[in-house]
Amino acid sequence: LEEPLLFEIGRADVTGVDLPAVDANAPTRLGGLARSEAIGLVGLTEPETVRHYTRLSRQNYGIDLGFFPLGSCTMKHNPRLNEKVARLPGFADIHPLAPQNSVQGALEVVAQLGEWLCKLTGMPGVAMSPKAGAHGELCGILAIRAAHEARGDAREVVLVPESAHGTNPATAAFANYRVEDIPATPEGRVDVAALKARLGPDVAAVMITNPNTCGLFEKDFREIADAVHAAGGYVYCDGANFNAIVGKVRPGDLGVDAMHINLHKTFSTPHGGGGPGSGPVVFSEALAPFAPLPFVRQDAEGTFYLVEEENREERGPSFGRMTAFHGQMGMFTRALTYMLSHGADGLKQVAEDAVLNANYILRSMEDILHAPFAASGPCMHEALFGDKDFTGGLSTLDVAKGLIDEGYHPMTVYFPLVVHGAMLVEPTETESKAAIDQFITAFRAVVERALAGDEELKQAPYYAPRRRLDETQAARKPVLSWQKPDD
Amino acid sequence: LEEPLLFEIGRADVTGVDLPAVDANAPTRLGGLARSEAIGLVGLTEPETVRHYTRLSRQNYGIDLGFFPLGSCTMKHNPRLNEKVARLPGFADIHPLAPQNSVQGALEVVAQLGEWLCKLTGMPGVAMSPKAGAHGELCGILAIRAAHEARGDAREVVLVPESAHGTNPATAAFANYRVEDIPATPEGRVDVAALKARLGPDVAAVMITNPNTCGLFEKDFREIADAVHAAGGYVYCDGANFNAIVGKVRPGDLGVDAMHINLHKTFSTPHGGGGPGSGPVVFSEALAPFAPLPFVRQDAEGTFYLVEEENREERGPSFGRMTAFHGQMGMFTRALTYMLSHGADGLKQVAEDAVLNANYILRSMEDILHAPFAASGPCMHEALFGDKDFTGGLSTLDVAKGLIDEGYHPMTVYFPLVVHGAMLVEPTETESKAAIDQFITAFRAVVERALAGDEELKQAPYYAPRRRLDETQAARKPVLSWQKPDD
Amino acid sequence: MRYLPLTDTDRAAMLEKIGAGSVDELFVDVPEVARLDGPIRGLPMHASEMAVERHMKSLAAKNLVAGDVPFFLGAGAYRHHVPASVDTIIQRGEFLTAYTPYQPEIAQGTLQMLFEFQTQVARLYGCAVANASLYDGSTACWEAVAMATRVTRRKRAVLSGALHPHYAEVVKTMAKFTGDTIADAMPAITPEPDLGGLIARIDDDTACVVVQYPDILGRISDLTPVAEAAHAKGALLVVVNTEPVALGAIKSPGEMGADIVVGEGQSLGVGLQFGGPYLGLFAVRDPKHVRQMPGRLCGETTDAEGKRGFVLTLSTREQHIRREKATSNICTNSGLCALAFSVHMTLLGERGLRELAAENHRLACLAAERLAKVPGVEVLNNAFFNEFTLMLGGKPARAIVRDLADRGVLGGVSLGRLYPGVEALEHALLVAVTETTTEEDIEVLARELEASIKESAQ
Amino acid sequence: MRYLPLTDTDRAAMLEKIGAGSVDELFVDVPEVARLDGPIRGLPMHASEMAVERHMKSLAAKNLVAGDVPFFLGAGAYRHHVPASVDTIIQRGEFLTAYTPYQPEIAQGTLQMLFEFQTQVARLYGCAVANASLYDGSTACWEAVAMATRVTRRKRAVLSGALHPHYAEVVKTMAKFTGDTIADAMPAITPEPDLGGLIARIDDDTACVVVQYPDILGRISDLTPVAEAAHAKGALLVVVNTEPVALGAIKSPGEMGADIVVGEGQSLGVGLQFGGPYLGLFAVRDPKHVRQMPGRLCGETTDAEGKRGFVLTLSTREQHIRREKATSNICTNSGLCALAFSVHMTLLGERGLRELAAENHRLACLAAERLAKVPGVEVLNNAFFNEFTLMLGGKPARAIVRDLADRGVLGGVSLGRLYPGVEALEHALLVAVTETTTEEDIEVLARELEASIKESAQ
């Protein structure tokens, strides 16, 4: 059965809540602004609502259903304890502007999580309010600009490797920086010589992802950081792949000045079909003073308090406020629960198992699938492949759709851009060997078909809720909300 | 992807909980009974566990997924507030033997629910402890036997209509009664004359379902009850179909002496794949004193207390204890929540809508499908059909399996036994007209195929997780637990 | 009304199709005397979700939550930590809102789960076959007695005095109606159960002996001699277990020769819930007894394409087929509780169950040691798993328990509550300890128990 | 470790396949200086679910739960009753554990939901097109300003003084880096917003005017004149709404001529959560502006068999395609919160939202009337929806709020907290009332407020 759209089954006079009927004669103080027009909404009773969304959900694929090897996106298991904790009324039902003496436990969560992040990264400062990874990047770059400006040294350029996430250049551009690419070596890493050559008094920062988006550890990171610092710049590390090294390596030991941490990737807050995320940023001594408002401090008696005074002069050099209130509390409780569950030993094991699983896939596929950097040594938490040996006009996209028919969510495709027809496979640490072996079998089968130029693969998927969707049509004449057919 | 059995993927040394490792040298006080052999269990980590059961769940059909017209089973929407309330720690995390001063709220729930049941049925007494409908039937019959025996009038026979649920004769037989059938009239009701003729000093009780399993109201119920009472017997009413009349008719006004109420049917506690149920029993004045232990009372100061003293003489004529502790508390909280949500007006509407929906289906199908009692007037909450016009060797079973391919759970089939190839369709009040119309369209399509003798229908379902399963093989050589293939 | 999708427009259209002028015409068969002229009086009208939630929360708030205080109650219901994922899984609509799997093609989720559950229970109990669950431990206990009478064609059951008194009471109530004879006894307050006395009560008419393990006083002992004695007389041994976690540490009943093993499964996955719904477990050691078992059985088979699948099977034993000749009148199992149990057991696995049992026992040993130091208090048991009996030196346990509750400690179950009016038992207190008990909880209990005993002396 | 399925046996087998002697060999690229010799020091080791839950519960217990006391806080985050089914649905694994729908063939659930969500938001706001959500209201507000500068190619934004100060602060922070000019102001403490003054600040360089509706003091007024004035100067009107429930009772911003409407969606489905995650809503009145919108858009299309389906579309605006030329750097929406909002809105429907709004307003009117009777207290607003400003007759609101909390009442948000150090604002208290407020709550607030004011005078 196809599930109709809400607006095709809902009715304006039906509701799934029981409220007093509107008394048209009740006194109001709406200043003459009472709504006269219909809003155009429709309602369903609770039975219909539950069924509508249950049916919709069954057209989705999630980690709960199977292996989800989406490289760089880190689809790992979401522990249910985290969900339970986040729903405790003491966390879920408190107001962001409640008097601080009434929310000491909440402030302590923010402080404890911040402390974990600082210890795990070896960095002294942290900003908790960024709402997502990209927001965290912005936070880091704004702190860098604020720090430069504070010493009267406005710089214009941010260097970004070709393989970076699109958010990196977008963020730097937002902060009014000119973005320049850094080339990659044939081994899939930053070209250190080229980077060093480009450094100078106009370079505000470099933004490097480590482990990088080719799944490799930037082994010269420390050398790069030293060179950037020597040239008066700052090192921004994109922490999207921190999950590969958490508990094993502290970015602070590599010379990082700022790094955002995607709590949903490394600390397993749920992706929820695209969000919400949470992107705290850790800072070096040099940048910590510029962290945005608000932040939590503890006084001598152990009472936690918020520094949130945007309108005061004494707020220090903070670059300002990035969002209303204090950040993604609901994600903080989940992430802290995850950290406490794993502990220092467990987080180290997380990184080790994630890397082990990825290398196992790399070595189980490289005999039939082009693995451009396989010779560079071990990969980190994701294995990167390319489509160069496919025949018959088949491409990475066809392999991805073929995997859907095998019951899998595809890997990340066409990213990073530095590899032709890139396929980035990230198993994460929460998959069993049996699950990975089963995936490898299916992946090999589909790849064999692509190598053999199997025409049928071009029409895959055959067994999904939908066949291939026409994205061009969607973009050419966008239909972005439902209209009555006869409207 | 097929989901393997737990024992095919689990491992003895894997666990999804974190506990201290067993210290083989720790002192024990096990009296030499420490387990030496392996138990033979296997474990999964949490990610594997969630995935295993999520995948299994997707091979199931539930009300949340679609219309579930299983006659007599009453698959109505399960409100989620009820689930939330049952999980409040104040209900979910209290011990049945906790000191009574510490569980006054729990005792009040039992008392409030009992009061609702008494008021809704117009009966003065209630027993809350029966664990399910059939357990409630037993409770009623035991009270009847106890009442007869208390006045030194042991009787031997219980009369049960042909159309009764199998539990009725099974229950009477359990209580050492001889069961005799009462015939049905061609209109699908109890043959009053035959019943009256059979009454006499050996008849302890009659057990009648009302509305009956043909979906009809026993219009002569009061007359029957009076005759039974005049003959010194008691009237047991099977309350399985109480949902059709709740809020509209009080069984007490019809002369009922005992009736169990399936909380899951009438008051929407979830079926959960076959249980748990809950079957409180309401009693007339005559039977109330024989109700089983324990029960809740309130003292003059408003304090609730339990009468549970099995070993005391002063327990009165109660026939004894049917189960440990006090009954299905988790179902009580859900049912009370449901009752409070609907109120007296809502429950009346429940019955009216359930009956309206059933009649709508009856009248929308009778032109093509044999409806044996359609001429008897309106049906109650379920519509009964028979297979007599099918051709080509097709039967009710084929129609049921054909509906699966249309995306529906089939109706109840081959029950009641009084109609050949019975199909008992119960829509309940929680379906929308749109959902019912859609079902009627599908049902008509499948029935047309059966009337036309469509051979393909014999192999249905084609699109379910499994094709038809071999039940004979299962029963001939039962395989009831997993064994290692080489065991 | 938020759960009722029909609008008045829908109702009018449907009545037209039916050819009725009003809904009341559909109730024409109801005798006039029984027709109500409006909503039932004396009950409130419908209420919003918010209002109902507020009301139910106010009732819940009147109860002392076990997890909020030091807690030591057991006696057939144990408080264990249930992993959060258990509840997530049982709330999946496909499990929660499914019916009994009578249409196996679209119920393989429930059926495979039940097959796995049966395997888990059978192995835990050291048996060949388990059923798909019964209501609870006490009714399972009666079903075991009834099955024994069917198998042996004898009508007498001998109950150990140390069987949970509620269980014994259920058996006696049922037997009163079936005409079976029950030989029961009061528990003897001794460090070891009196198995010799029990054996002496077995005669040639005995269908079964029923023994609890660990028993109501928390004692454990080898039941092999009972099994041998029973078998020698042609009787069956029924072993009752109310704490499945114990079987992670001690020998299974099957190993000791039990023929039928029944029990309460609430400890795993289900929670306390003030006594229900719980989960009756039922297994037999000898597969030849399968056809005499009560309740549902799930079996493996294949579908028309040869794929493995599962169905409810051997239903010719059941009431909907056999009617008055059924093995029992049961038509409901405790399916959702069985799922919760099975998920919890899957999370534990062999290793986790053994670790859980060891941790329960470790803390119970600590508690027994500490409480024995309270002046006037003695530990009765020689051996125990996670529950033991304290003798309170002549103080009435029931009053002490109430006093402890006022002090914010749920200190145990008094035998006075379980056996009211039996003087010989009124000074004994059952104390259960699980992995949820902290060492601090134990200390608090010891301290408050000491204070309570002292004050009760004054 | 309960979340890690690999066993040591697995690890050994995998290392063998890889050809590595140990896992550490896989980290060979890490410079030696950065290699740790063991788990990071100063952090605890792994802990059981039970222990972690205990720790987190102890932290939660240190907070005063809004639902446990009379509660009147608003100022951009409102406490409404969320139906239980909302949480059930968002906990479905298929929604909770899905990724951004980049593979639409197996993500139609999320996509169709987003399409429905966009339609709901667009209609609520009186707009043509809404996006698939942003982080929250404050960042959405900035995105609206940024979009206005793209559309108008001007760099100046005029903010109403009655815009939420956090929102204004976010805009000013961002503008500092982009080089845009922000003309802001302090709120004037007057019964009506000063729209004339606002209009006077619009000039020919103005990209947009940003007005909150209802405003930070709870006031509402017809924004049509502002729209007309802005349009006359070639500027866009951005309307910010922090309480979507209000739009069930009052005219939509689109009706009054707003070009971009943004807001906070937290009120429906999401809950308070100490400030996040929340839900940024973003809509435009004129469809021609669609290609300048930030964030994700879900659009209708067909699949290879002609069936209707949905995809993320117009992604050429986005960072993963456009990189430094993207309309914004956003790559996350607030998907799960959008789902919660959409489910709640579906349960309400047109009728429920109107009833909910009417009930909020009814109780707010009651509260305003009652609180105006407290000696020394005045209600500032002429008009309001469910939130209004109390003038405390010279008492410092921040201290009164703290005092009320000590009395067990969460009495409102002080402007002193929102505008620290601004003396003119420190005596004003924002009071929000919703359907969760009872008449008794209002009475308690009135009583305690009176007492608090009296005592602060002493």
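Just the heavy atoms: all of them, side chains too, but no hydrogens, waters or symmetry mates, feed the values below. The chains referred to below are lettered A, B, ... by the order of the sequence lines, with proteins before strands, and numbering in each begins at 1. What you see is a predicted model, and the numbers here were worked out from it, not measured in a lab.
- Most heavy-atom pairs under 4.5 Å with chain C: of the set B/G133, B/P96, B/G62, B/G43, this distinction falls to B/P96.
- Annotation for C/L272 and B/D93: closest pair CD1-OD1, 3.7 Å, computed over non-hydrogen atoms.
- Contact of C/I220 with chain B is made through backbone and side chain together, with heavy-atom distances under 4.5 Å.
- The distance from atom CG of C/L96 to atom CG of B/N60, rounded to the nearest 0.5 Å, is 11.5 Å.
- Note that CD of B/Q349 is 6.0 Å distant from CG of C/L4, once rounded to the nearest 0.5 Å.
- Here the CD-CD distance, from C/E305 to B/Q459, works out to 10.0 Å after rounding to the nearest 0.5 Å.
- Contact check for C/L353 versus B/L41: side-chain heavy atoms found under the 4.5 Å cut-off.
- For chain B, the nearby part of C/L339 is the side chain; its heavy atoms alone come within less than 4.5 Å.
- Contacts of C/E359 with chain B are made by side-chain atoms alone, with heavy-atom separations under 4.5 Å and no backbone atom involved.
- Here the closest heavy-atom approach between residue B/L254 and residue C/P31 is recorded as CD2-CG, 3.9 Å.
- Atom-to-atom distance recorded for C/E350:CD and B/I39:CD1 is 4.5 Å, nearest 0.5 angstrom.
- With a 4.5 Å cut-off on non-hydrogen atoms, C/A358 touches chain B through its side chain but not through its backbone.
- Of all heavy-atom pairs between C/A60 and B/F91, the closest is N-CZ, 3.5 Å.
- Closest non-hydrogen pair, B/K131 versus C/D136, comes out as CE-OD2, 3.4 Å.
- Interface remark: C/A128 contributes backbone atoms only to the contact with chain B (heavy atom separation under 4.5 Å).
- No side-chain donor-acceptor contact under 3.5 Å links C/Q273 and B/H95.
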Take B/N357 and C/L6 through the test side-chain contact (heavy atoms from CB on, under 4.5 Å) and record every step on the way to the result. CA-CA 9 Å; B/N357 284 345; C/L6 296 188; 3.4 Å; yes

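- Considering only heavy atoms from C-beta on, C/L347 stays 4.5 Å or farther from B/L44 through its side chain.
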Test C/F384 against B/L30 for side-chain contact (heavy atoms from CB on, under 4.5 Å), laying out the working first. CA-CA 6 Å; C/F384 57 83; B/L30 296 174; over 6 Å; no

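- Proximity of C/R417 to B/P99: side-chain heavy atoms (C-beta onward) are nowhere separated by under 4.5 Å.
- Chosen from B/R11, B/M322, B/R58, the residue pairing most often with chain C at heavy-atom distances under 4.5 Å is B/M322.
- Contacts of C/R354 with chain B are made by both backbone and side-chain atoms, with heavy-atom separations under 4.5 Å.
- In this structure the side chain of C/T97 never reaches within 4.5 angstrom of the side chain of B/F68, judged on heavy atoms.
- Taking the six-membered ring where the residue is Trp, B/H77 and C/Y3 present tilted rings, their angle falling between 30° and 60°.
- Among all heavy-atom pairs drawn from C/R402 and B/N101, the shortest one is O-ND2, 4.3 Å.
- Relative ring orientation between B/H271 and C/Y99 is described as tilted, the plane-to-plane angle lying within the 30° to 60° band.
- Looking at C/P83, only its side chain comes within 4.5 Å of chain B, counting heavy atoms on both sides.
- Nearest approach of C/E105 to B/P465, heavy atoms of both residues: O-CD, 3.3 Å.
- There is a side-chain donor-acceptor pair under 3.5 Å between B/R321 and C/H166.
- Figure legend: cation-pi geometry between C/R11 and B/Y360 absent, as NZ or CZ is not positioned both under 6.0 Å from the six-membered ring centre and within 45° of its axis.
- Aromatic ring pairs are classed by plane angle as parallel below 30°, tilted from 30° to 60° and perpendicular above 60°; the pair B/F325 and C/H164 is perpendicular.
- Between B/L120 and C/I40, some side-chain heavy-atom pair lies under the 4.5 Å cut-off.
- Atom CD of B/E108 is separated from atom NZ of C/K62 by 3.5 Å, given to the nearest 0.5 angstrom.
- If you measure heavy-atom distances from C/V311 to chain B, the contacts under 4.5 Å come from the side chain alone.
- For a residue to count as touching a neighbouring chain, one of its non-hydrogen atoms must lie under 4.5 Å from one of that chain's; by this rule C/V129 touches chain B with the side chain only.
- Residue contact with chain B, scored on non-hydrogen atoms closer than 4.5 Å, involves the backbone and the side chain of C/V343 alike.
- No side-chain donor from either of B/T49 and C/T346 sits under 3.5 Å from a side-chain acceptor of the other.
- Of the listed residues (B/L33, B/T15, B/V179, B/D253), the greatest number of heavy-atom pairs within a distance under 4.5 Å of chain C belongs to B/L33.
- C/D303 places no side-chain N or O within 3.5 Å of a backbone atom of B/R466 that could act as its donor or acceptor partner.
- The side-chain heavy atoms of C/T313 and B/E471, taken from C-beta on, include no pair separated by under 4.5 Å.
- For B/D470 and C/T302, the side-chain atoms include no donor-acceptor pair closer than 3.5 Å.
- Put simply, of B/G330, B/G377, B/G277, B/G10, the one with the most heavy-atom pairs under 4.5 Å next to chain C is B/G330.
- For a residue to count as touching a neighbouring chain, one of its non-hydrogen atoms must lie under 4.5 Å from one of that chain's; by this rule C/E255 touches chain B with the side chain only.
- A cation-pi contact, defined as under 6.0 Å to the ring centre and within 45° of the axis, links B/K248 to C/F27.
- In this structure a side-chain-to-backbone donor-acceptor pair under 3.5 Å is present from B/D345 to C/H46.
- Separating the CD1 atom in C/I106 from the CD atom in B/Q59 is a distance of 12.0 Å, to the nearest 0.5 Å.
- Per-residue heavy-atom pair counts under 4.5 Å with chain C were compared for B/R222, B/E137, B/E37, and the maximum is reached by B/E37.
- Note on B/A132, B/G31, B/A435: by heavy-atom pairs under 4.5 Å with chain C, the leading option is B/A132.
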